[in-house]
Amino acid sequence: MNEQDIVLTIKRRRKELGVSQYTLAKDAGISREMIAKFELGKHSPGFNKLYQICKVLGLEIIIRPEAKKGSDSNEKEDDLAAAEHST
């Protein structure tokens with residue numbers, strides 16, 4: 001999963017939940033401008049801020065070893081993924 005995929009996942013989740021950029025920013029402890037720039041691909045938040053954004057949206061960050069090319073694994077290549085929490 002690349003940075004653009006992460007941005008799209010977060011933006012899609014925010015809209016699914018009906019959360020405004022302002023509310024997300026407030027709940028994550030960052031500025032609304034940072035959320036707007038992030039969603040436009042003009043800013044990359046640090047890990048701590050990304051973690052807070054995901055936490056507010058009920059997403060988690062999963063980091064695992066990269067699958068070897070040519071392996072028969074059925075897992076997706078999303079080695080760094082924002083995945084929805086089961087609630």
Side-chain angles (χ1 to χ4, degrees):
M1 179 174 265
N2 63 34
E3 187 173 345
Q4 185 178 11
D5 293 333
I6 293 169
V7 170
L8 290 174
T9 299
I10 288 172
K11 186 175 182 178
R12 185 177 332 118
R13 178 68 173 166
R14 179 181 66 75
K15 289 184 175 191
E16 285 173 0
L17 296 175
V19 175
S20 69
Q21 288 181 346
Y22 175 81
T23 300
L24 174 57
K26 181 178 156 237
D27 292 348
I30 58 180
S31 71
R32 192 215 50 89
E33 291 79 12
M34 181 180 286
I35 297 293
K37 287 179 181 179
F38 174 63
E39 289 187 358
L40 291 171
K42 296 181 178 183
H43 176 75
S44 296
F47 182 80
N48 289 335
K49 290 177 183 175
L50 180 62
Y51 175 79
Q52 289 302 318
I53 292 167
C54 289
K55 186 175 176 184
V56 169
L57 296 175
L59 299 171
E60 64 183 342
I61 298 170
I62 300 170
I63 300 172
R64 63 177 173 249
E66 188 173 355
K68 293 182 180 178
K69 293 182 181 181
S71 76
D72 293 335
S73 174
N74 290 330
E75 294 180 358
K76 291 184 177 182
E77 294 181 10
D78 297 342
D79 298 315
L80 173 62
E84 187 174 334
H85 276 295
S86 300
T87 53

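All residue numbers refer to positions in the sequence shown, counting from 1.
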Quiz item: Are I35 and L40 grouped together when hydrophobic residues (ILVMFWY) are joined by side-chain heavy atoms under 4.5 angstrom apart?
Solution: no
Quiz item: Are V19 and L8 co-members of a hydrophobic cluster defined by side-chain heavy atoms under 4.5 Å apart?
Solution: no
Self-check item: Distance (rounded to the nearest 0.5 Å) between T9 OG1 and L59 CG
Solution: 8.0 Å
Quiz item: Do Y22 and I30 share a hydrophobic cluster, counting only Ile, Leu, Val, Met, Phe, Trp and Tyr and linking them when any side-chain heavy atoms are less than 4.5 Å apart?
Solution: no
Practice problem: Working to the nearest 0.5 Å, report the span between CG of D5 and CZ of R12. | Solution: 9.0 Å
Practice problem: Hey, could you give me the SG/CD1 distance between C54 and I6, rounded to the nearest 0.5 Å? | Solution: 8.0 Å
Practice problem: Please list, chain by chain and in numerical order, all residues satisfying side chain to side chain contact (heavy atoms under 4.5 Å, CB included) with K15, sequence neighbours excluded. | Solution: K11
Practice problem: Write out all pairs satisfying salt bridge (Lys or Arg N to Asp or Glu O under 4.0 Å) with one or both partners inside residues 34-45, taking only residues at least two apart or from two chains. | Solution: R14-E39
Self-check item: From CG (L57) to CG (L24), nearest 0.5 Å
Solution: 5.0 Å
Quiz item: Pairs in or reaching into residues 18-33: which pass salt bridge (Lys or Arg N to Asp or Glu O under 4.0 Å), with residues at least two apart or in two chains?
Solution: none
Practice problem: Output the distance between atom CZ (R13) and atom CD1 (I53), rounded to the nearest 0.5 Å. | Solution: 14.5 Å
Practice problem: Search all heavy atoms of F47 against all heavy atoms of I61 and return the closest pair with its distance. | Solution: CE1-CD1, 3.8 Å
Exercise. For T23, check side-chain hydrogen bond (donor to acceptor under 3.5 Å, both in side chains) against everything at least two apart and list the hits.
Key: S20
